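One structure is given below, encoded as structure tokens.
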Amino acid sequence: MHQTDSQRIRELNLLSSNQSVFLRLLKQTFPDYEVAIKQQRFLLLDQDHIPLAIFEYRDSIHPIKLVDQEDGIPLHFYKALLSSEALKEDTQALNLKFQR
């Protein structure tokens, strides 16, 4: 996940205002991990820059939260749900998975 500064800025500029809020919530919820952005998805990375989880946020009218797997990596899909409480639930679930 090595990106140049211009690539990072380009990815940040593509985010909607709610996606930017979601990114800020992710960084506050997972302070020990790096959050990278790729194709409007947020990748939670460990110290070796290996993706531990994928978070995706989309604007909508009806709030939805789904959890799935993509290539063996947990995918957390949020639609119109900007909630630190929902992210804390994911933190607990991911911590249990990381401990195994």
Side-chain angles (χ1 to χ4, degrees):
M1 299 281 39
H2 302 288
Q3 294 179 325
T4 64
D5 287 341
S6 62
Q7 287 172 322
R8 284 189 203 128
I9 292 169
R10 197 173 303 118
E11 291 283 351
L12 285 171
N13 286 337
L14 292 174
L15 298 179
S16 71
S17 60
N18 283 340
Q19 286 174 319
S20 296
V21 170
F22 188 77
L23 173 62
R24 199 166 33 254
L25 284 172
L26 269 176
K27 287 184 175 186
Q28 291 172 357
T29 305
F30 298 98
D32 298 333
Y33 299 96
E34 184 179 339
V35 179
I37 305 166
K38 185 160 183 149
Q39 298 173 345
Q40 296 190 344
R41 288 178 144 190
F42 307 101
L43 305 168
L44 190 65
L45 307 174
D46 67 4
Q47 294 87 359
D48 298 323
H49 297 281
I50 296 173
L52 300 173
I54 302 168
F55 290 85
E56 189 169 343
Y57 177 86
R58 296 286 179 245
D59 291 321
S60 180
I61 297 171
H62 304 289
I64 299 172
K65 178 186 168 204
L66 302 171
V67 179
D68 199 2
Q69 294 273 326
E70 185 173 297
D71 297 329
I73 300 171
L75 169 65
H76 300 267
F77 183 76
Y78 288 77
K79 204 167 189 180
L81 184 65
L82 292 171
S83 167
S84 60
E85 292 302 317
L87 283 171
K88 286 179 185 174
E89 290 172 12
D90 288 340
T91 303
Q92 293 170 350
L94 288 171
N95 282 339
L96 289 175
K97 181 183 178 209
F98 298 154
Q99 291 174 358
R100 291 183 187 169

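Just so it is clear, the structure is predicted and the values come from calculations on it, not from any experiment.
By the criterion of side-chain heavy atoms lying less than 4.5 angstrom apart, applied directly or through intervening Ile, Leu, Val, Met, Phe, Trp or Tyr residues, F77 is not grouped with L26; the two fall into different hydrophobic clusters. Linking ILVMFWY residues whenever their side-chain heavy atoms come closer than 4.5 Å, directly or via other members, leaves I54 and V67 in distinct clusters. Put simply, L45 and I50 are part of two different groups of oily side chains (I, L, V, M, F, W, Y) that touch within less than 4.5 Å, one to the next. L81 and L44 fall within the same hydrophobic cluster, defined by Ile, Leu, Val, Met, Phe, Trp and Tyr side-chain heavy atoms under 4.5 Å apart, directly or through other members. In the hydrophobic clustering of ILVMFWY residues, with side-chain heavy atoms under 4.5 Å counting as a link, I64 and Y57 come out apart.
Under the 6.0 Å cut-off for aromatic ring centres, F42 and Y78 do not qualify, their centroids lying 6.0 Å or more apart.
Interatomic distance, L66 CG to H76 NE2, rounded to the nearest 0.5 Å: 11.0 Å. Between L15 atom CG and L23 atom CG the span is 6.5 Å, to the nearest 0.5 Å. Rounding to the nearest 0.5 Å places CG of L25 at 10.0 Å from NZ of K88. Note that CG of D90 and OG of S83 are 9.5 Å apart. Values are rounded to the nearest 0.5 Å. Note that CZ of R58 and CG of N18 are 12.0 Å apart. Values are rounded to the nearest 0.5 Å.
With contacts defined as side-chain heavy-atom distances shorter than 4.5 Å, the pair E70/E56 does not qualify.
The shortest non-hydrogen separation linking L82 to F22 is CD2-CB, 3.7 Å. Nearest heavy atom pair, residue P74 against residue L52, reads CD-O, 3.3 Å. The two residues V35 and K27 have their closest heavy-atom pair at CG2-CG, 4.1 Å. Minimum interatomic distance between A53 and I73 (heavy atoms only, all atoms of both residues): CA-CG2, 3.6 Å. Considering all non-hydrogen atoms of both residues, S60 and A80 come closest at O-CB, 3.2 Å.
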Next item on the list: Decide side-chain contact (heavy atoms from CB on, under 4.5 Å) for L87 and Q28; before the verdict, give the C-alpha distance in whole Å, the side-chain angles of both, and the deciding distance to 0.1 Å.
Entry: CA-CA 10 Å; L87 283 171; Q28 291 172 357; over 6 Å; no
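More than 12 heavy atoms of other shown residues, nucleotides or ligands fall within 6.0 angstrom of atom NZ in K65.
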